[in-house]
Amino acid sequence: MSKIQLKAFAPPKICVPVMSESPEKVVEFCSMLAPLAPDCVEWRLDYTADLSEEALRYSLDEMNRLLPDETAILATYRTKYEGGEGDLLPVDYRILVEWLIVQDGIDLIDIELAQGDESVAQLIRRAKENQVTSVLSYHNFSETPDNVHLNELLYTMTLKKPDVVKIATMGINKSDYPRLAKLVKKWSSRNDGSLFIALVMGELGQMSRLEGEKFGSVMTFARVDKGSAPGQYTIEEVRNYLENASRDINKEV
Ligand SMILES: O=C1C[C@@](O)(C(=O)O)C[C@@H](O)[C@@H]1O
């Protein structure tokens with residue numbers, strides 16, 4: 001059972017990426033991060049040099065030991081194709097993600113849409129069997145596709161029935177954020193149990209990282225030092241915004 005309760009049209013949960021190359025660096029980073037008590041950390045395994053089970057198990061145990069009990073762990077292996085550092089072959093990606101799903105201490109698992117129908121279906125099924133929250137993800141670092149394409153994506157992704165559909169696209173035009181937000185709001189308002197994370201990367205999409213409550217995005221990613229995507233605010237900046245009671249959550253995006 002995941003520690004984190006994700007809810008649409010509520011303040012988004014804050015997730016901080018851990019992009020450490022060794023277990024020692026994981027310990028160093030999580031010791032520094034613990035007092036900030038984020039709702040979630042994203043363990044970016046594509047930054048990890050040693051993917052042996054022993055090294056990974058050690059890092060995971062240390063993360064769970066150092067971070068507050070309430071902080072959930074999202075495990076992500078982001079491939080180069082999706083803008084990350086990872087170059088595992090699809091078969092090895094699937095083995096790694098299946099292994100992560102059955103580990104004690106993992107609350108959420110990222111599954112890339114680009115891994116193909118069969119892998120995606122299998123990994124979502126495995127996550128469900130193990131009560132791990134599945135986050136089906138799509139990234140586009142060059143643009144925010146047009147509405148027809150975005151609707152198709154949202155349709156394809158929700159059909160696969162993950163717990164959460166995550167879309168992160170690059171903001172090239174001012175209209176990209178309001179456009180994506182309007183579509184996601186429509187999809188999240190259907191009340192069929194699907195949850196969404198929608199982020200527009202880069203300067204033009206920065207408000208998407210703060211205003212999730214307006215359009216139904218349940219989580220936002222924030223940095224401590226270096227970020228894992230363009231446009232990320234620091235955890236303090238996001239918290240300050242979310243804790244400001246006078247922020248306008250009613251106005252349309
Ligand atoms: O999918 C996402 C969202 C993200 O790309 C962002 O834009 O904040 C950051 C990634 O670390 C994460 O896996």
Side-chain angles (χ1 to χ4, degrees), residues 4 6 12-21 26 29-30 33 38-48 63 71-86 88 93 96-97 100 106-115 120 123 127 132-145 150 153-154 157 162-172 176-177 180-181 184 195-212 215-235 237-239 241-242:
I4 200 165
L6 301 171
K13 299 292 181 192
I14 305 178
C15 185
V16 174
V18 179
M19 299 176 293
S20 310
E21 61 273 19
V26 167
F29 186 80
C30 290
L33 182 61
D39 301 306
C40 182
V41 295
E42 182 187 41
W43 184 20
R44 283 287 301 263
L45 286 114
D46 48 309
Y47 284 87
T48 306
M63 274 192 275
T71 299
I73 296 181
L74 159 66
T76 297
Y77 182 88
R78 180 73 62 244
T79 58
K80 287 201 166 124
Y81 181 75
E82 291 282 302
E85 300 291 312
L88 285 184
Y93 172 97
L96 174 64
V97 174
L100 287 164
I106 298 284
D107 303 284
L108 307 99
I109 187 80
D110 185 287
I111 301 167
E112 294 182 346
L113 177 69
Q115 295 294 325
V120 165
L123 293 171
V132 169
T133 302
S134 54
V135 181
L136 182 60
S137 68
Y138 164 87
H139 302 83
N140 186 327
F141 278 78
S142 34
E143 58 166 5
T144 300
L150 283 176
L153 257 175
L154 288 160
M157 292 174 84
D163 295 308
V164 185
V165 166
K166 175 169 72 175
I167 291 194
T169 63
M170 185 59 86
I172 299 295
D176 288 340
Y177 162 50
L180 178 63
V184 169
L195 293 172
F196 297 86
I197 300 172
L199 297 161
V200 177
M201 297 183 282
E203 216 175 301
L204 290 175
Q206 275 189 305
M207 287 311 283
S208 68
R209 301 187 178 278
L210 302 175
E211 296 188 327
F215 61 93
S217 182
V218 299
M219 187 183 279
T220 186
F221 290 75
R223 64 191 170 82
V224 172
D225 42 22
K226 65 174 176 157
S228 62
Q232 279 174 354
Y233 287 110
T234 63
I235 181 169
E237 287 170 325
V238 177
R239 275 216 173 116
Y241 180 88
L242 295 179

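Computed from a prediction, not measured in an experiment: that's the story for all the values here. As a basis for the values below, the full set of heavy atoms in this structure was taken, side chains included, without hydrogen atoms, waters or symmetry mates. Counting starts at 1 for both ligands and their atoms, in listed order.
Using a 4.0 Å cut-off between charged side-chain N and carboxylate O, Asp110 and Lys166 make a salt bridge. Ion pairing between a basic and an acidic side chain is recognised when a charged N comes within 4.0 Å of a carboxylate O; Arg44 and Glu85 show no such pairing.
When every heavy atom of Leu210 is checked against every heavy atom of Pro12, the shortest pair comes out as O-CG, 4.4 Å.
Residues Gln232 and Lys226 form no side-chain contact, since every pair of their non-hydrogen atoms from C-beta on lies 4.5 Å or further apart.
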Kindly print each ligand 1 N/O atom paired with any protein N/O atom under 3.5 angstrom away, one pair per line, or none if nothing qualifies.
residue, atom, partner, partner atom, Å
ligand 1, 1 (O), His139, NE2, 2.7
ligand 1, 1 (O), Lys166, NZ, 2.7
ligand 1, 7 (O), Arg209, NH2, 2.9
ligand 1, 8 (O), Arg209, NH1, 2.8
ligand 1, 8 (O), Gln232, NE2, 2.9
ligand 1, 11 (O), Glu42, OE1, 2.6
ligand 1, 11 (O), Arg44, NH1, 2.9
ligand 1, 11 (O), Ser228, OG, 2.7
ligand 1, 13 (O), Glu42, OE1, 3.4
ligand 1, 13 (O), Glu42, OE2, 2.5
ligand 1, 13 (O), Arg78, NH2, 2.9
ligand 1, 13 (O), Lys166, NZ, 3.2

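Partner of Met219 under the side chain to side chain contact (heavy atoms under 4.5 Å, CB included) criterion, out of Asp39, Ile4, Ile14, Val164: Ile4 alone. Test Lys13, Arg209, Glu211 against Thr220 for side chain to side chain contact (heavy atoms under 4.5 Å, CB included) and you get one pass: Arg209.
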